[in-house]
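Okay, so here's the structure we're looking at.
Indexing begins at 1, ligand by ligand and atom by atom, following the structure's order.
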Amino acid sequence: MPNARPQTQSLHSSPAAAFRRKVLELRSRGRTVIDMTAGDLDFPTPPHVVEAAVAAACAGETRYTSVDGTPELKDAVREHFRRQNGLAFDRSEIIVSNGSSQAIATAFAVTLQQGDEVIVPSPCWATYCGQATLAGGVPVQVSCAQNNGFKLRPEDLARAITPRTRWLVVNNPVNPTGALYTRAELAELCNVVRRHPDVRVIADNLYEHSVYDGAKAVTPLEAAPDLRDRMVTVSGVAKSYSMMGWRIGYAAAPADLVTEMTKVQYLVTSCPSSISQAAATAALNGPQTVLAERLTVLQEKRDLAVSLVNGCAGLSAAPPEGTFYLCISCAGVIGKRTPQGQVLDSGGAVSDWLLETAGVALLPGEGYGLPHYVRMTFAVPGEQIHAAGRLIGEACATLA
Ligand SMILES: Cc1ncc(COP(=O)(O)O)c(C=O)c1O
């Protein structure tokens with residue numbers, strides 16, 4: 001008897017985790033590796049947030065909370081949506097989860113029937129596809145043209161919608177490309193969705209605070225308020241307040257959907273961590289100046305990484321409008337031969353080769369729908385960006 005059902009067997013592990021094993025293996029052999037694969041920020045969690053967590057633990061806030069989150073955090077989340085998006089939600093429309101991943105997986109779990117389709121614009125954070133599959137759905141990746149900034153075009157969305165389509169995923173800004181949809185672009189996508197009453201939109205705004213050059217991340221509900229009954233708006237504290245490991249995300253959704261999601265969340269996890277919820281409340285209610293200060297640092301790192309990568313023969317990268325990832329095109333090195341005689345034929349081959357040769361770990365683009373690219377996280381110390389640029393440049397110079 002198989003140990004898991006076929007859908008589960010078809011799921012993939014995290015591409016970052018798989019590549020990280022190679023990094024650890026190399027390090028165990030004594031090699032120094034600059035790891036630029038993780039979806040982590042290198043800033044610490046703000047001290048007042050850590051203090052709030054300690055205070056909560058010491059005050060005995062160590063019991064189960066409401067399944068869908070404490071009232072204090074729900075109110076802080078409501079205030080977040082008001083401040084960030086100008087959107088007002090009732091407490092009954094908010095669910096707090098163990099990370100935004102859980103909120104997305106739960107939304108799929110309560111809405112998808114076997115064979116229902118979920119449209120995922122690609123390149124994308126491939127986890128959406130696994131989450132849809134896990135819920136019995138079928139992910140439908142729709143290619144986003146490079147000459148449209150890797151953003152979904154309304155005509156491509158319209159073509160992809162079938163009678164089985166139940167969700168469109170909109171990640172803004174996009175992991176891995178850093179593309180940022182404007183309000184007008186989102187409104188056009190929503191115009192298509194509006195014609196299909198069975199299609200909902202799940203907006204993943206996790207990187208909403210990592211948006212550069214003075215731009216702002218808009219969420220689909222801002223662009224199409226009339227679709228409120230069909231929208232789930234997801235975010236979390238991970239990538240805003242450097243709280244990746246605290247595991248707190250949240251979603252705003254119609255109250256009846258929140259009720260259903262809460263039932264599933266209860267079965268899977270009882271509630272989010274009480275201590276982490278206290279920390280997230282402090283992050284959302286505390287001074288927000290930390291976001292702007294850190295954004296300035298991130299933008300400097302982005303510009304440094306872009307200029308160093310573009311100085312490496314055969315590699316190129318455009319400055320991302322958002323996120324803290326650089327999508328590096330390997331077009332100019334693919335087909336070239338390494339001094340060891342290997343012909344580089346994909347982003348995966350380039351990242352393996354850079355790891356071995358330069359000691360720099362970049363994620364292969366294949367896992368994100370970008371076979372000729374590698375993804376670099378630039379939220380690492382500046383000296384590592386400098387060193388990586390030098391090492392990658394030296395390695396590329398040896399290709400023939
Ligand atoms: C686009 C995107 N959405 C969601 C997540 C999950 O974030 P969380 O830590 O809140 O579960 C990630 C994590 O990398 C991500 O890149």
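Ring-centre distance between F324 and Y207: below the 6.0 Å cut-off.
Grouping Ile, Leu, Val, Met, Phe, Trp and Tyr by side-chain contacts under 4.5 Å, direct or through others, puts L134 with L11. Taking a 4.5 Å side-chain heavy-atom cut-off between Ile, Leu, Val, Met, Phe, Trp and Tyr, the cluster of M1 contains only that residue.
For A361, the side-chain contact (heavy atoms from CB on, under 4.5 Å) partners are F19, V23, V33, D35, T37, L355, not counting sequence neighbours.
No side-chain donor from either of H209 and Q288 sits under 3.5 Å from a side-chain acceptor of the other.
Protein residues with a heavy atom closer than 4.0 Å to ligand 1 are G99, S100, S101, W125, Y128, N171, N175, D204, L206, Y207, A238, K239, R247, listed by chain and number.
Between E79 and R82, at least one side-chain N (NZ, or NE/NH1/NH2) sits under 4.0 Å from a carboxylate O, which counts as a salt bridge.
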